[in-house]
Amino acid sequence: MLQSQDQSLRPLTTAHLAQTMSLLTLPNQELRDRILAELAANPALELVEERICPTCKRRLANPGPCPACSRPASDDGPIVFLSARDSARPARSSDLDEAPLDREPAAPESLGEYVLAQLAADLRPEDRRLAAYILASLDDDGFIQDPPAFIARATHSTLEQVDRVLKMIARADPPGLATPGPREALMAQLDVLGSDDPRLALARRILNEAFAELGRREFERIADRLQARAEAVRQAAEYIRDNLNPYPGRAFWGSGRHPVSADPNVYHNPDIQITLNPNGGPASLIVEVFAAVSGWLRVNPLFRQAMAQAGEGRSEDWSGDLDRASLFVKCLQQRNNTVRRLMEILVAGQAEFILRGDRFLQPLTRARVAAEIGVHESTVSRAVAHKSIALPDGRIIPLSKFFDRSLSVRDRIKEIVTQEARPLTDDEIVEILEREGVQVARRTIAKYRAMEGILPARLRHRKQPAAAAPA
DNA sequence: CTATGGCACGGATT
DNA sequence: AATCCGTGCCATAG
C-alpha cells in the first residue's frame, strides 16, 4: 500500500498505463465495486452527485451540457455519450420526483428501495406497505421464499393484493425479482422483454416444460419432448443465456462477493445501450455508455485545499492519497474516452448490423479500429472484452460480437438451410455463398453448421418443423 | 467415390 | 507468450 520511496518521482506514466488497462477490461458491474472500494479507501476522492438533463431526462455522468440534447435535431449522425448507469430501463418521470436515489449505492438493502422508487407512482397507497414487506424479504438472489399465502397472512392482505404486487415487482427494473426461483424469474423476464425475437416462443415453452433439462443442457432430449428441432432449442437456450438472468438479485448489484455459482447463465446488465433517436432520421442512433456509478468522480477540491494549508508534517501522507485519487480519475476518464471513441466507430460502421440483424455485420478487426483511433490493438481488445451492449430491439449481446467474423455467414447459412428444397451439402453451400461474394472454405461451413446445431445434409431430411418424432 | 469430421498449421486475439 | 479461429489435408462412414 505505502510506497513512500516512489513518491518523489512521478512515475505516473507507467502506473497510469497499467491502471488504465486494468480498468478498461472491467465491465461496469465490477468497475462499480472497484470505484466504491477506491472511494472508501481514499479520502481525496469524491463522488459528485449526478445531474439530470432537464429536457430529455437522462442522467448525465459528466459535467457539461447534455450531449443528447445539445446537438441540433437536424444532425442525423449517431450520438455517443456517457450517461449515468441505469441499465436498460428508460428514464421515467416518476424517478425524477424521487430525486434522492442511490447516493450511497453500496448497501444491498437499497435494491429494495430502488425498486420501490420505481413502483411508487403505480402503487396503490394500501399496497405500499405490502410491497416494502416483500422487497425486504427477498434473499440475495432476488427470490421470495415464502408462499403468497404466508405473506398475505403476515401483512393482513388478501391473496389478490399479494399476487398483484408480486407481479408488479417482477416487472420492475431488475426484472424477475420476487419470484420463487430461477425458472419463474426467467419467465417473468421473458414477459418483460417481449421482443419479437423468433426464439422467444420456444424459450418460453422450454422454461415451462423442460426446465431441468435446460440446466443440464440436454438439448436433444428437450427437442424430442417439445417436438422441435434441436437447432431451434439450442438457439432458444442461447437466447436465454444471453438475455436473461436466473438470479435477478445478483446481476444488478454485482456478483463480486457471491460465489457466483458456476452457472454460465448469468447476464450482465448492459454496459452500453443503443436506442433509436426519435428526433433524428431513421438511421440516427443514441448510444449511451453507462457510467459504473451514478454521478461523477473527481478529486475533492476541499481536500486539495486543506492539504495546501496544512503544515508539511502531514502533507506526505496526504499527497499519496491525492496522487492516487487524481490518477484514478484520469484512468477512469481515459477508459470512458476509449470506450466512447470505440462506440463512435462501431455505430458508424455497423449501423446496419445494429438495426437489421446479424446478417449485416461487416467484417471488422480490432486492429483496424485500433489504427483508426490511434491506440494499440490490445487496448481495443481490452475495451471490447467483458462488455455487453443493449441493442434497440432489446437484445443484449456481448460487445465482442461486433468483431465476430463468422456471424453474418453463419446467419446466412441458417437461412439457406431453412429455405433449401432438398438438403444441400457443404460444398453446395460454399457455392451459393461464393455467388454472393462471400468466400469461405468448405471445411468452415461444416464448423459453422456444427456451431448452429445444424445436422449434416445426409441426416436432415425434409421439412424443419417436427422431424424428430417417430421411433 | 462423395460428404464429413479430426488434427494441425498460421494468423489474429488476448 | 498462450489461446482461439479459419483452413487445408487425410481418414472414414455411407
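Quick note on labels: first sequence line is chain A, next is B, and so on, each numbered from 1.
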Original post:
What's the NZ-P distance between A:Lys401 and B:dT13, to the nearest Å?
Top reply: 18 Å
**OP:** Between A:Arg442 and A:Met451, just flag the one whose closest nucleotide in DNA chain C comes earlier from the 5' side.
**Re:** A:Met451
**OP:** Look only at the side chain of A:Arg225 and the backbone of A:Glu209, and say whether a donor-acceptor pair between them is shorter than 3.5 Å.
**Re:** yes
**OP:** Look at all strands and tell whether A:Arg366 reaches a base, only sugar-phosphate, or nothing, counting heavy atoms closer than 4.0 Å.
**Re:** sugar-phosphate
Original post:
Could you give the OH-to-P distance, from A:Tyr448 to B:dT4, as a whole number of Å?
Top reply: 17 Å
Original post:
If you look at every strand shown and take non-hydrogen atoms under 4.0 Å, does A:Ser406 touch a base, only sugar-phosphate, or nothing?
Top reply: sugar-phosphate
Original post:
Among B:dT4, B:dG5, B:dT14, which nucleotide sits nearest the side chain of A:Thr425?
Top reply: B:dT4
**OP:** Anything under 4.0 Å to a heavy atom of chain A counts; send over the first and last such nucleotide of DNA chain C, read 5' to 3'.
**Re:** C:dG6 to C:dG14
**OP:** Determine whether more than 12 heavy atoms belonging to other residues, nucleotides or ligands lie under 6.0 Å from atom CD of A:Gln419.
**Re:** yes
Original post:
Closest to the A:Pro456 side chain: B:dG5, B:dC7, B:dT13?
Top reply: B:dG5
**OP:** I would like to know whether A:Ile445 and A:Ile413 meet side chain to side chain contact (heavy atoms under 4.5 Å, CB included); could you show each step before the answer?
**Re:** CA-CA 8 Å; A:Ile445 301 291; A:Ile413 291 176; 3.7 Å; yes
Original post:
Given atom CZ of A:Arg443 and atom C1' of B:dT2, what is their separation to the nearest angstrom?
Top reply: 15 Å
Subject >> Distance-minimising heavy-atom pair for A:Leu285 and A:Pro392 >> reply: CD2-CG, 4.5 Å
Original post:
Could you give the CZ-to-P distance, from A:Phe403 to B:dG11, as a whole number of Å?
Top reply: 22 Å
Subject >> Distance, rounded to the nearest Å, where A:Ile445 contributes CD1 and B:dA3 contributes C1' >> reply: 14 Å
Original post:
Counting N and O atoms only, with roles assigned by atom type, does the side chain of A:Asn300 sit under 3.5 Å from a partner on the main chain of A:Leu45, one being a donor and the other an acceptor?
Top reply: no
Original post:
Any sub-3.5 Å donor-acceptor pair from A:Thr444's side-chain atoms to A:Val440's backbone N or O?
Top reply: no
**OP:** Kindly point out which of B:dG5, B:dT13, B:dA3 is positioned nearest to the side chain of A:Asp427?
**Re:** B:dA3
**OP:** Check whether any side-chain heavy atom of A:Phe403 lies under 4.5 Å from a side-chain heavy atom of A:Thr365, and answer yes or no.
**Re:** no
Original post:
Quick one: A:Asp404 CG to B:dA12 P, roughly how many Å, whole number?
Top reply: 16 Å
Subject >> Under-4.0 Å side-chain N/O to phosphate OP1/OP2 contact, A:Arg449 with B:dT4 >> reply: no
